[in-house]
Amino acid sequence: MERDFGTTLEGEPYGVGYVSTWDEDAKSTKYKAGTLQGSDDGESVDDVSTRLRRMFKVLEEKHSGDDILLVSHGDTLSIMQATMEEADTRQHRKFSFENCELRLLGTGPGSEYQGF
């Protein structure tokens with residue numbers, strides 16, 4: 001799963017529009033990625049969070065009690081953690097991931113996530 005940053009940012013280097021998108025994300029979870037670059041066909045934080053919630057419901061139904069390894073892009077992963085912890089998703093970048101980072105997110109004792 002990856003966040004769709006829209007046609008104007010597709011294939012662009014990391015710094016071209018992502019930082020400005022994250023700045024806008026911090027203002028509104030409804031901001032469509034790519035809008036500042038001339039298109040509004042990208043996904044908002046709310047769009048990604050909704051897709052993640054749907055995915056987790058399916059995973060919980062089909063794999064209850066199992067350990068699951070999810071691999072994705074950093075933006076989606078930071079939105080995922082903010083969503084799971086019911087944090088303010090406008091601030092998803094505080095959960096940013098390093099390249100190739102492994103991070104345990106769970107439903108066990110001490111976990112913020114208790115299911116959707």
Side-chain angles (χ1 to χ4, degrees):
M1 177 178 279
E2 178 179 1
R3 182 179 184 180
D4 183 350
F5 277 85
T7 54
T8 56
L9 294 178
E10 182 67 31
E12 291 294 327
Y14 175 82
V16 170
Y18 297 99
V19 174
S20 61
T21 296
W22 296 326
D23 289 344
E24 294 302 314
D25 286 350
K27 297 174 191 171
S28 172
T29 59
K30 298 189 182 323
Y31 172 78
K32 298 281 189 182
T35 300
L36 292 177
Q37 290 75 27
S39 70
D40 64 354
D41 58 346
E43 287 184 294
S44 69
V45 170
D46 282 349
D47 295 334
V48 176
S49 183
T50 297
R51 282 198 301 130
L52 288 164
R53 286 176 184 276
R54 284 194 308 257
M55 178 191 72
F56 271 96
K57 283 184 186 247
V58 170
L59 290 174
E60 288 171 341
E61 290 169 5
K62 292 186 176 187
H63 303 284
S64 179
D66 294 339
D67 293 330
I68 300 171
L69 174 66
L70 298 175
V71 179
S72 188
H73 294 261
D75 206 53
T76 302
L77 291 171
S78 67
I79 295 169
M80 178 185 72
Q81 185 169 358
T83 298
M84 289 177 70
E85 294 188 10
E86 296 183 352
D88 182 349
T89 53
R90 289 175 300 173
Q91 303 303 317
H92 70 90
R93 293 297 298 159
K94 79 176 188 177
F95 299 105
S96 65
F97 282 67
E98 297 294 328
N99 286 339
C100 302
E101 179 181 346
L102 295 175
R103 189 176 296 177
L104 179 63
L105 302 173
T107 58
S111 173
E112 297 289 330
Y113 175 66
Q114 298 302 316
F116 293 115

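No experiment lies behind these values; they were computed from the predicted model shown.
Atom NZ of Lys94 and atom CD of Gln81 lie 9.5 Å apart (nearest 0.5 Å). One finds the OG1 atom of Thr29 at 11.0 Å from the CD atom of Gln91 (value rounded to the nearest 0.5 Å). Separating the CD atom in Glu24 from the CG atom in Leu36 is a distance of 5.0 Å, to the nearest 0.5 Å. Note that CD1 of Ile68 is 11.0 Å distant from NZ of Lys62, once rounded to the nearest 0.5 Å. The OG atom of Ser64 lies 11.0 Å from the CG atom of Leu59; values are rounded to the nearest 0.5 Å. Taken to the nearest 0.5 Å, the OG atom of Ser49 stands 10.5 Å off from the CZ atom of Arg54.
Tested against Asp41 for a side-chain contact (heavy atoms from CB on, under 4.5 Å), the candidates Thr8, Thr7, Asp4 yield a single pass: Thr7. Just one residue in the list Thr21, Val45, Asp46, Asp40 forms a side-chain contact (heavy atoms from CB on, under 4.5 Å) with Tyr31, and that residue is Thr21. Residue Met80 is tested with Val48, Thr89, Leu105 for a side-chain contact (heavy atoms from CB on, under 4.5 Å); the sole match is Leu105.
Annotation: Glu98, atom CD; neighbour count of heavy atoms from other residues, nucleotides and ligands within 6.0 Å does not exceed 12. Counted within 6.0 Å of CG on Asp66, heavy atoms from surrounding residues, nucleotides or ligands total more than 12; the atom is thus considered enclosed. Applying the 6.0 Å contact sphere to CD of Glu10 captures no more than 12 heavy atoms from other residues, nucleotides or ligands.
Remark: the Ser44 side chain and the Asp47 side chain contain an N/O donor-acceptor pair separated by less than 3.5 Å. A donor atom on one side chain and an acceptor atom on the other are found under 3.5 Å apart for Gln37 and Ser20.
Note on Glu60 versus Lys57: no salt bridge recorded, every NZ/NE/NH1/NH2 to OD/OE distance being 4.0 Å or above.
For the pair Trp22 and Asp75, the tightest heavy-atom approach, listed with the atom from each and the gap, is NE1-OD1, 2.6 Å. The minimum heavy-atom distance linking Arg3 with Ala33 is given by the pair NH2-CB, 4.1 Å. A pairwise comparison of heavy atoms in Leu70 and Phe56 identifies CD1-CZ, 3.7 Å as the closest pair. When all heavy atoms of Phe97 and Arg103 are compared, the closest pair comes out as CE1-NH1, 3.3 Å. Nearest approach of Leu9 to Tyr18, heavy atoms of both residues: O-OH, 3.8 Å.
No donor-acceptor distance shorter than 3.5 angstrom exists from the side chain of Ser78 to the backbone of Arg93, with no hydrogens or angles considered. For Thr83 (side chain) and Ile79 (main-chain N/O), a donor-acceptor pair under 3.5 Å exists by modelled atom type.
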